[in-house]
Amino acid sequence: MLKTGVVLLMLLLLGVLSASGELQQETETRRLPPPGKLDFGYVPAGVYETLAHYEPGPIGILFHMVHTFLYVVQPNAFPQDLIVRLAKDKFGAIQTEYQKAIYYEIGFLVCAAVGLLFTVLMPIVGLFFCMCRCCDNCGGEMHQRQRKNADCRRGLLGTLLFSTSLVITIGVLCAYAANQNLSSQVKNIRRLVNSNMRDLHTFANDTPMQIDYLISQYATAKKKVIYDLNNIGPLLGGRIHDQLDKEVHPALDRVLNMAGAMRETKEALENVSVSLEVLQEGTGKLNFNLSLVRTNINRTLNDPGCRDEESDATTAQLCRNIRQSLSKLKISANFTRLPSVNAPLENVNNVLRTDLSAIVQRGYSSLNDTPQMVIEQTRGVVESVQNLVDGIGNNISSFSKVFPVQSCLSNFTIFISHAHAKIEDHYPEIDQMDFYRWIGCISLCCMVVLVLAFNYLGLLCGTLGYDKHASPTTRGCISNTGGTMLMAGVGFSFIFSWVLMGVVTVIFLAGGNMEKLVCEPFHTKELFKVVDTPYLVNPEWKNFIPGYMYNDSDLDLTAESLYSTCKENKGIYLAMRLDKVFNISSFLNTTVFTKDVVSQLDSVKIDLRGIILLEAEGKQNLLDFSEAGLSEINYADYLEEVNKGVTVVDLLSYARELEAQTDLMPRGPLQTALKGHIGTLRQIHSQQITPMEQAMKYVRARSALNQSMRFLERTASDLPNKVLAVLEAIEAAQYLISKNATHLINRETGKYTATIVGYFHQYIEWVKTSLAMEVAPCKPFSNMVDTAEIIACSFLVDSMNVFWMGLGCSTLFLLPSIILAVKLAKYYRRMDTEDVYDDSSVSGTWHFTL
């Protein structure tokens, strides 16, 4: 029943993985960027209450001591090869391997031989000792020769006997402590067994809930897939848009910049036109006034006084000088000669009647509509994939109904309850057997205690009743009683010691070998190596566990790996290596839905030819702008006039020079007329030139004209080629969208598909990890093994070993106790005869007196 229940439970776990296995087949072939991390939460885990760990407490010191003693007795390594050969031949190889067995057991054999020799010889020696004393030998003669050091010998013998008794006492106390520890730990067996059984029930009850949780968490992956499918526009379309935008956006930006250049060109031409009018107006009036002054001065110089060189040569020379300087009296910057920019301005205005910026914005908008285009063109595919996803969910949910979950777990629970009931039935027998054992051990201890009682009472009475003034024949009753008790202890020592040593030898051989051959190898895991030896249990099975459970002994599943995995509280799926036993694809004959999901997503066809970056009207607009006549403007003439001053000569300086020359002329109508002209020049300077140089109207007009002409010069520089470059960039971007975007679309679609399938892959990996680590953790099974080890080794074997160590130590020290008690009794008992010293006799002579 146990084998059937475990196998059914494993099949249940495989059902979940099988359902997810169909998702994995396709995802493993795709190694594209991982999707966002999904949070499946934590698998609900039961709490196992068994703490398979034993702390012996203070008695652990005795355990350590006996382990050390056993290591001294048996320092050899664990005989793995020997045990394997013996087990394979069913101990038939003992005839050929006995030398190795004897070599390994030599320490135990020597100790056992000593114990056996002790057991055999003690009653014989006791018999001969009694017969010897009956013949008044071996201390049986009731006569004590007095010696000078008698008190010293008595004290030494008493001290040694007391010390020996103390050692015997310590040994019997250790044996008693071990006996009590075993009895108290037997009571804990029920607690350990009950907790292990409760853990098995927890294991059986929590496993279906954990499996249901694994199945339910498919909804997490499904929700994420549905979300991404519903947002295929922003996700897939957005990725395509972002990739296209890297190439398209710069081209549209260049067109938009060109549209801005058109508007700035118009503003610059308007600034040139307005500034030119302002400057032409100002310089025209000034030019007229200067021409009028120049004409008047020239007319004044026609005065006869300027011609009569004979009468006044100086005046004539001054007049000639003034007449020659009149050519400087004119304006410098003649803006009236500059041509108008009305024709280019009109052309630019005609170009700007077409809103190129709006056309470019329509191109931007068309590109930004890529996500919506993707939504419209993939609507059918998305609906198909959503239906497939729902089908996968239904398929996964149906797997929990394929296997007999409840019946499997019910059988397993019934088996646990039945086994627990049988164990409960044996508790009274265990308690009764432990009681008999306890009585037996107490009886053995009482044998030693009886000897100790006679020793201590003998020492007490002998010491308290001893009178140093009394002769051996006149010793008191108390002292004599002490000696008698010591001899009684000697008698009981002979009676009990061989029995004690026999029991100690038997327990020593059993407990010592259990410790060295079972408990110690279990802790070092060497015992598992013996159990996992290939072909040990069955000659046809390489590994007996998979051979027994699955009829596949080649599977790498050993007792050590099973125990270690369960010890780490990992799932039974990992511990039992179920992934290697069942072929998931052949186990469940279902359709691989993810293959259909991938094929559906791979069939996505996205046509971006509806994206128009720049309409024909916009392209023509750019060509018209390149032919607006900006290159026909003579920018050098404009800049030359702008950089000139207002007049050729400074009027104030010219007026001062003219005034200086006029002052050299004789007073008369000529000088007066020239003085008038000088005032007119100064008036023109103050009323016209100074305002033109300082008024913001004229300053701004000159600055605007200068800046605008320089901007227009830069704009017009190679303008046709610039426009052609912009148009070529637009054509290249348009060609990329219409003709060469297929590779880009396929690449981004592949990434999107990998993201969708990646959610399934995450679910699969999570299911596999959860099955291996969290679902049906098999800690209770390793706890059962540990509990058995604790009961057998920590409770039973260690206590037995401490018991024989304490009892054996006490038994061995009974030998010196016998010798010391016999010798010391002579000093306590009342003698029949004594040696008397007579002073009247010859000096140094003792007389024997009856």
Side-chain angles (χ1 to χ4, degrees), residues 16-36 38 40 215-244 369-402 584-585 588-611 741-767:
V16 178
L17 190 65
S18 301
S20 59
E22 66 176 8
L23 303 176
Q24 184 180 13
Q25 185 172 2
E26 183 67 23
T27 57
E28 286 183 348
T29 61
R30 290 175 174 262
R31 299 299 181 191
L32 292 173
L38 296 179
F40 296 104
I215 295 173
S216 67
Q217 283 305 303
Y218 172 75
T220 300
K222 176 183 175 181
K223 289 179 182 178
K224 185 60 177 175
V225 170
I226 296 299
Y227 176 83
D228 283 8
L229 289 174
N230 291 335
N231 291 273
I232 192 173
L235 294 176
L236 178 57
R239 291 175 183 172
I240 296 174
H241 171 269
D242 292 342
Q243 295 299 321
L244 292 175
D369 284 341
T370 302
Q372 187 62 35
M373 293 177 64
V374 171
I375 292 175
E376 296 297 332
Q377 296 180 24
T378 58
R379 194 179 303 278
V381 173
V382 168
E383 292 177 356
S384 300
V385 173
Q386 288 178 345
N387 293 332
L388 290 174
V389 171
D390 292 335
I392 294 174
N394 295 332
N395 187 57
I396 291 177
S397 299
S398 66
F399 277 111
S400 61
K401 303 176 183 179
V402 174
I584 296 173
S585 299
L588 293 174
N589 185 17
T590 56
T591 305
V592 182
F593 288 104
T594 49
K595 190 173 183 180
D596 296 333
V597 172
V598 174
S599 62
Q600 285 288 341
L601 292 174
D602 286 345
S603 66
V604 169
K605 302 297 180 183
I606 300 175
D607 187 2
L608 301 180
R609 286 179 292 181
I611 298 177
T742 303
H743 174 69
L744 171 64
I745 293 172
N746 291 338
R747 185 181 67 199
E748 294 302 325
T749 302
K751 291 181 180 180
Y752 178 77
T753 302
T755 301
I756 295 296
V757 178
Y759 296 131
F760 295 115
H761 182 70
Q762 285 191 55
Y763 175 69
I764 294 164
E765 292 300 319
W766 176 76
V767 168

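- Ile756 CD1 to Thr749 OG1: the interatomic distance, rounded to the nearest 0.5 Å, is 11.5 Å.
- Here the CG atom belonging to Leu229 is positioned 11.0 Å from the CD atom belonging to Glu383, to the nearest 0.5 angstrom.
- Nearest heavy atoms, Pro234 versus Pro371: N-CB, 4.2 Å.
- Distance check: Tyr218 OH to Phe40 CZ gives 10.5 Å after rounding to the nearest 0.5 Å.
- Here the side chain of Glu748 pairs no donor or acceptor atom with the backbone of Arg239 at under 3.5 angstrom.
- The distance from atom CD1 of Ile232 to atom CZ of Arg379, rounded to the nearest 0.5 Å, is 10.5 Å.
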* To do: Determine, stepwise, if the pair Tyr759 / Leu38 fulfils side-chain contact (heavy atoms from CB on, under 4.5 Å).
  => CA-CA 7 Å; Tyr759 296 131; Leu38 296 179; 3.7 Å; yes
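- Residue Gln386 holds its CD atom at 5.0 Å from CG of Asn230, rounded to the nearest 0.5 Å.
- Checked by atom type and distance alone, the side chain of Tyr752 pairs as donor or acceptor with a backbone atom of Asp228 at under 3.5 Å.
- For the atom pair OG1 (Thr755) and CG (Leu236), the distance works out to 10.0 Å, reported to the nearest 0.5 Å.
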